[in-house]
Participant: 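Here you go, one structure.
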Amino acid sequence: MDYFPFFMRLRGQRVLLVGGGDIATRKARLLLKAGATLNVVTLAIDNELEELVQNSGGSVQLREYQPCDLDNVVLAVAATDTASVNEQISADARARHLPVNVVDSPELCTVITPAIVDRSPLVIAISSGGEAPVLARMVRAKLERLLPASYGRLAGLASRFREAVKAKFTTGDQRRRFWERILEGPVAERVYAGQDAQADRLLEAELESARDEVGGEVYLVGGGPGDPELLTLKALRLMQQAEVVLYDRLVSNEVLELVRRDADRIYVGKKRSDHSMEQPAINQLLLDLAQQGKRVLRLKGGDPFIFGRGGEEIELLAENRIPFQVVPGITAASGCAAYAGIPLTHRDCAQSVRFITGHLKNDNPNLSWPELALPGQTLVFYMGLLGLEQIAHELVEHGRAPHTPVALVEKGTTSAQTVVVGELSNINTKVKERDIKGPTLIIVGEVVALRSRLDWFSAKA
Ligand code: SAH
């Protein structure tokens, strides 16, 4: 992020605007909307601009810019078509640590103006840091279409009842929840329908009957294998609602970015031999937070019920009668297979698929190798990198053909996805030659060979 977004209060404040043409007029309109008092300095001025400034109690001086014009203003805006003047204003303002905006010259600016969606008091500012203004304007156009004009009135309603709601509820969480219910429910519908008085009455009734109590809940959500676009709509909605999130190592940064900004984030990551928090402690923490009335998001990589210990986490909640929801996610097997161009089943060569833990306890896995070595099935090993050599060895030992194709997918579905393809006889050597760290998924079976036929797929990986 190259610029930190702020909203600046300009009402009643003096702003210097140097320039008198079209661009200066556009800037003036925006600044006046925010209630600024304009001091315009220019050699020539458009009629419209002159009128705007005069009518709003500002001043116009028809002369060259002088550094003393920066006295007693909170912001300087340069909109002349003479580069040297713009540069001078920028340099003078910076020397005084005064925010300065030079139209169309991001390098001369300390503050830049965003594309704006105005549903006052709700205002959305969009910026590309000056890098892609057309894209920022496209986003604005999308938002303009998305947000009903009545959002401004909805924000007005929130403002009218702000104090009353504050008085009714003791904690910030309670207030937030009340508002979320109001702004997504029948009260908001009344506002959209233009029935503001009815909306007010309905809100008063809601406020009257609302109880000053909180009930926590837990959302056990599958965050998928990495690509944020693989999240379900439900996952995204609950990620936006939660007040605190417990996440682990497998949750990608891009997915975590989509959690509500002001939610508390607790890393409970687990890695082989590096348990930031032991499982019973995580279970207990979920319970404690919910009992404090929080809406808790337990965000897990892939699907919470596939090698995710999701079942254990909700057991304690169920015992304590804490409401919870479980949201499935795309498990690593589906994600990695799809993004690596490997169908997991195939009419001709794989009538079933198995998900297997490759986490071989005491290096002596309790797996039924004779069964796994049978043909006609695809095997997907989770957590199998360390045990790869042994897995390949056991499968061959128990009868699976040494030339059975194998794919190892690292960081599947992310931009760093790597696929190593080999056979049971050589996959371990091939993987050793590469710097593979994980997470990795191992797919064993004839279906892996189909990958080379799906050229347009493999080109991606
Ligand atoms: N609940 C998760 C699995 C947790 S077990 C799910 O449904 O996907 C952790 C293992 O999942 C890792 O060791 C690795 O084998 C696999 N895994 C998870 N994300 C992965 C990814 N993006 N690429 C490759 N393997 C992944």
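Every number for a ligand or one of its atoms is a count from 1 in the order of the listing. From a predicted model like this one, the values you see are computed outputs, not experimental measurements.
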Participant: Heavy atom to atom 9 (C) of ligand 1, shortest distance: which of Thr413, Leu250, Ile442 holds it?
Facilitator: Leu250

Participant: Select the closest option to atom 8 (O) of ligand 1 among Pro225, Gly310, Gly222, Ala332, judged by heavy-atom distance.
Facilitator: Ala332

Participant: Looking at atom 23 (N) of ligand 1, what's its closest protein heavy atom, distance included?
Facilitator: Gly412 N, 2.8 Å

Participant: Strictly under 6.0 Å, is that where the ring centroids of Phe324 and Tyr219 end up?
Facilitator: no

Participant: Consider ligand 1: state whether an atom of it lies below 4.0 angstrom from any non-hydrogen atom of Lys300.
Facilitator: no

Participant: Does CD in Glu389 sit with more than 12 non-hydrogen atoms of other residues, nucleotides or ligands closer than 6.0 Å?
Facilitator: no

Participant: Hey, is Val409 touching ligand 1 through its side chain, its backbone, both or neither, going by heavy atoms under 4.0 Å?
Facilitator: backbone

Participant: Would you call Arg434 and Glu410 a salt bridge, taking side-chain N to carboxylate O under 4.0 Å as the test?
Facilitator: no

Participant: Just distances here: any N/O of Thr414 and N/O of ligand 1 closer than 3.5 Å?
Facilitator: no

Participant: Got a second to check how far Ile391's CD1 is from Ile442's CD1, nearest 0.5 Å?
Facilitator: 4.5 Å

Participant: Where is the nearest protein heavy atom to atom 24 (C) of ligand 1: which residue, which atom, and how far?
Facilitator: Pro439 O, 3.3 Å

Participant: Any idea which atoms of ligand 1 are less than 4.0 Å away from a heavy-atom of Cys336?
Facilitator: 23 (N), 24 (C)

Participant: Check the orientation of Trp369 and His398. Use parallel for under 30°, tilted for 30 to 60°, and perpendicular for over 60°.
Facilitator: parallel

Participant: Tell me which protein heavy atom sits closest to atom 13 (O) of ligand 1, plus the residue, atom name and distance to 0.1 Å.
Facilitator: Met383 CG, 3.2 Å

Participant: Charged N to carboxylate O below 4.0 Å: is that the case for Glu446 and Arg400?
Facilitator: yes

Participant: Between Arg295 and Glu243 (salt bridge meaning N to carboxylate O under 4.0 Å), is one present in this structure?
Facilitator: yes

Participant: Quick test: of every protein heavy atom, which one is nearest to atom 3 (C) of ligand 1, and how far off is it to 0.1 Å?
Facilitator: Ile306 O, 3.5 Å

Participant: Between Lys411 and ligand 1, which residue portion shows a heavy-atom distance shorter than 4.0 Å: side chain, backbone, both, or neither?
Facilitator: backbone

Participant: Thinking salt bridges, do Asp264 and Lys294 make one under a 4.0 Å N-O criterion?
Facilitator: no

Participant: Starting from atom 11 (O) of ligand 1, locate the nearest protein heavy atom and write down its residue, its atom name and how far away it is, to 0.1 Å.
Facilitator: Tyr382 CD2, 3.3 Å

Participant: Which residue supplies the protein heavy atom nearest to atom 5 (S) of ligand 1, what is that atom called, and how far is it?
Facilitator: Phe307 O, 3.5 Å

Participant: Looking at Asp227 and Lys411, does any basic side-chain N land under 4.0 Å from a carboxylate oxygen?
Facilitator: no

Participant: Starting at CG of Leu408, measure out to CG of Leu441 and round the result to the nearest 0.5 Å.
Facilitator: 8.0 Å

Participant: Out of Thr440, Val251, Thr418, Thr331, indicate the one that has the non-hydrogen atom closest to atom 25 (N) of ligand 1.
Facilitator: Thr440

Participant: Do me a favour and list the nearest non-hydrogen protein atom to atom 2 (C) of ligand 1 with residue, atom name and distance?
Facilitator: Gly301 O, 3.3 Å

